[in-house]
Amino acid sequence: MLVRPLTEIQELVREAILAAQGDGDLPAFDVPEPVVERPQHEEHGDYATTVALQLAGVARMPPMRIAEAVASRVTRADFIAQVEVVRPGFVNFTLDEGWLSRQVDEILALGDRYANLELGQGEKVQVEYVSANPTGPLHVGAGRNAAIGDGLANVLEAAGYDVQREFYINDAGTQMRVFMNTLYARYAQALGRDEPIPDEGYPGAYMVELGDLLASQEGTRFLDMPREEALDALYDIGLEAMLATIRDDLRLMGVNYDRWFSETSLYEDGLVDQVRALLEEKGYIAHRDGAVWFVSSELGDEKDNVLVRSDGEPGYMASDIAYHYDKFILRGFDKVINVWGADHQGHIPRMKAAMRAIDVDPDRLVIIVYQLVTLRRGGEIVRLSKRTGDIITLRDVLEEIGPDALRFLLMARAADSQMDLDLDLAKEQSSENPVYYVQYAHARIASILRYAEHIDYGDGDVSLLQHPAELALIRLMLRLPEVVEKSVTSLSPHYLPHYALELAGTFHPFYKQCRVVSSLPEDMPLNKARLKLVAAAKIALARVLDLMGVATPESM
RNA sequence: GCGCCUGUAGCUCAGUGGAUUAGAGCAACUGCCUUCUAAGCAGUGGGUCGGGGGUUCGAGUCCCUCCAGGCGCGCCA
């Protein structure tokens, strides 16, 4: 089992404080979770705790004295070479180099299980992401949603959660009807009819193409039937066509779902009615102005929300509540994570209210909100035009800059921050893109291993790895589990690309400084040790790239 | 008007429950390929962390306020 220095040190510090209290060197107080961090400068060691500074107030002692009391009682584990007290009260830890080099064997033994954690304990988590309306091609915002959601799902899985990835298909409601009316019009137009598209319809060129396709494949048969009947018949074809392009776009990005969940099915299965009855029973339903309301204001929301409109049509809340009832009550997810664009941010309070209404702890529903992507081209903002339906689709961008570069870019930003994506720049820089820097490290290692195919390095002695560049590389590899943990606990996959960059940025200098395969016979022991090292580095690189959903090329 | 998010290098962005001397990529400049991939390496220049107050031994990070930007505030989803 791999030792995780950060968590271990946290525990050692905690024990040291308790021991100091037992000896009377520290007064009695509740021992907090000690903050162990990674110092910015290497001369401060590999890890440092500021616990003495934290405790100075509580203990009413100078931080230096607390630090000394703690440092002197830290059990000397084999992975620690040095524990040092530094003004004004830091306790700095330096990892043992012999121990560091031994970790290479540990990583090799773990292989692609390296950096798996047991945080989740098999807890059932669902991540629902993208879930764009199937009324048009995906735009770039959906790409950001996909990068975040999929990265989150990957990292949760690595951390030991039982993860399910889901796409919610909004195939019911007004938008869908408008889509069908538009499709009917485009289809009729393709056959020469003078059929205007509806006022609020979808003006995009893709609808014209879809209409043409329908006309050529199905002929005039839908025109020969009554309009309502034709709309029904077109429904399945139109929906399937849209979903197919959405699926393809996402697959291109490397995103695959466990389940595509249909909103319509919630109506067909009677769940919407059932959940409405449940709300009625609990007294969260009111009838006003001819509409049926969910009295969410009694559950912490600012105002009530319409479940069934006065025209008899159910609103989106009706199916949304039923959907989450299905997730939590019927399918039994312990936690549900929904990834939403900032434009849906206002829905959070009503969904939380809905959770209370169905007796689900609102904290079990986590909404990740990401800020919108501003597309630019040569510095100019590319506005999407609702009127003409001209949009830059996810597909366009994928074809322009490639899935790996796009995923890396979209993932590297914290969800909270708005992001600019300049297509011209991204394309221009694509060969200088950070993702290639990381992939290149992976390909380089693959190349070395091919070159050294004839060498059986299984008996390599890792204790020969003492060069600063070698140790730096091992240190970086050992951080991957911390990065996974950090990404999971903060639900922020953007740590992954930054770590990947650092790891590659430690590998390349190593490569320059340390020749892995030397032809001198006397170098063979070191060659074998270094082959082990690069094989381990390949594992770590591949792992972080996999978690990001980015390809791991064997050559470039 | 109210709510959420953001403001860090020329550009795009990191900066982990406050902590030791503010980072990366790109762009600019200077060197480095007769041995494992130069999509690489080594180095240089570049920042009043939006402004102002406050808390703290210590603030890019917390609080207040102002300024600027994004997104919401429907019987649309």
Side-chain angles (χ1 to χ4, degrees), chain A residues 32-33 35 37-41 43-44 48 50 53-54 56-57 63 86-90 92 131 133 135 170 172-176 178 200 263 288-293 302-303 305-311 313 315-317 319-320 341-349 369-372 374 376 379 409 412-422 425-426 428-437 439-441 443-452 482-483 486 489-490 492 494-495 497-498 501-502 504-505 507-509 511-513 515-519 527 530-531 534 555-556:
Chain A
E33 184 74 6
V35 175
E37 57 194 11
R38 178 172 296 289
Q40 282 183 29
H41 305 277
E43 57 268 36
H44 299 133
T50 54
L53 298 156
Q54 275 180 283
V86 179
R87 278 185 316 119
F90 294 97
N92 296 340
S131 300
N133 280 342
T135 54
N170 291 104
T174 316
Q175 302 297 330
M176 210 50 208
V178 173
E200 299 292 311
E263 179 184 8
R288 273 201 309 270
D289 310 323
V292 180
W293 296 75
E302 281 184 358
K303 49 192 165 190
N305 290 280
V306 168
L307 279 187
V308 183
R309 293 185 249 150
S310 51
D311 64 5
E313 287 294 317
Y316 67 91
M317 269 301 272
S319 47
D320 264 8
D343 52 341
H344 287 69
Q345 194 270 345
H347 297 229
I348 296 174
V369 173
Y370 64 93
Q371 299 298 312
L372 271 29
T374 308
R376 288 171 192 274
L409 279 173
R413 311 312 183 223
D416 273 348
S417 69
Q418 295 156 227
M419 64 173 290
D420 274 21
L421 186 65
D422 191 314
L425 260 184
E428 193 181 300
Q429 294 173 356
S430 59
S431 64
E432 296 296 322
N433 198 288
V435 74
Y436 297 116
Y437 183 77
Q439 289 180 317
Y440 187 58
R444 262 187 157 174
I445 295 175
S447 170
I448 296 171
L449 293 177
R450 278 194 300 272
Y451 181 81
E482 290 172 19
V483 172
K486 183 76 195 159
T489 53
S490 62
S492 308
H494 77 275
Y495 292 109
H498 289 279
L501 226 37
E502 265 193 275
F507 171 77
H508 289 304
Y511 177 87
K512 192 71 182 176
Q513 291 175 61
R515 175 148 190 113
V516 178
V517 186
S518 142
S519 48
N527 286 356
R530 284 185 173 164
L531 282 167
V534 297
S555 67
M556 282 174 76

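A, B, ... follow the sequence lines: proteins, then strands. Residue 1 opens every chain.
Checking B:rC32, B:rA77, B:rU37 against the side-chain heavy atoms of A:S447 singles out B:rU37 as nearest. Here the nucleotide nearest the side chain of A:L501, chosen from B:rU20, B:rU37, B:rA24, is B:rA24. If you check B:rA39, B:rA14, B:rA77 against the side chain of A:R413, the one that comes closest is B:rA14. In the set B:rA19, B:rU6, B:rA14, B:rA19 carries the atom at the smallest distance from any side-chain atom of A:L53. Distance from the side chain of A:M556 is smallest to B:rA39 among B:rC13, B:rA39, B:rC75. With distances taken from any side-chain atom of A:P509 to the nucleotides B:rU20, B:rC41, B:rC75, the minimum falls on B:rC41. Taking only side-chain atoms of A:F90, from C-beta outward, the nucleotide of B:rC4, B:rG17, B:rA19 with the closest atom is B:rA19.
The distance between the ring centers of A:Y370 and A:H494 does not fall below 6.0 angstrom.
In this structure, A:Y451 does not reach the B:rC36 phosphate: none of its side-chain N or O atoms is under 4.0 Å from OP1 or OP2. Side-chain nitrogen and oxygen atoms of A:H44 include none within less than 4.0 Å of the OP1 or OP2 phosphate oxygen of B:rA19. Contact annotation: A:S518 side-chain N/O to B:rC36 OP1/OP2 distance is not under 4.0 Å. For the OP1/OP2 pair of B:rA77 and a distance below 4.0 Å, the side-chain nitrogens and oxygens of A:R309 include at least one atom meeting the criterion. Phosphate contact (OP1/OP2 of B:rC41, side-chain N/O of A:Y440, threshold under 4.0 Å): absent. OP1 or OP2 of B:rG15 sits under 4.0 Å from a side-chain N or O of A:Y495.
B:rC33 adopts a syn glycosidic conformation, its chi angle falling within 90° of 0.
Taken to the nearest 0.5 Å, the OG1 atom of A:T174 stands 10.5 Å off from the CG atom of A:N133. Distance check: A:R444 CZ to A:F507 CZ gives 6.5 Å after rounding to the nearest 0.5 Å.
B:rU34 is unpaired under the criterion used here, namely a Watson-Crick or G-U wobble arrangement in which both key atom distances are under 3.5 Å.
With C1' as the reference atom, B:rU8 and B:rG69 are 16 Å apart, rounded to whole Å.
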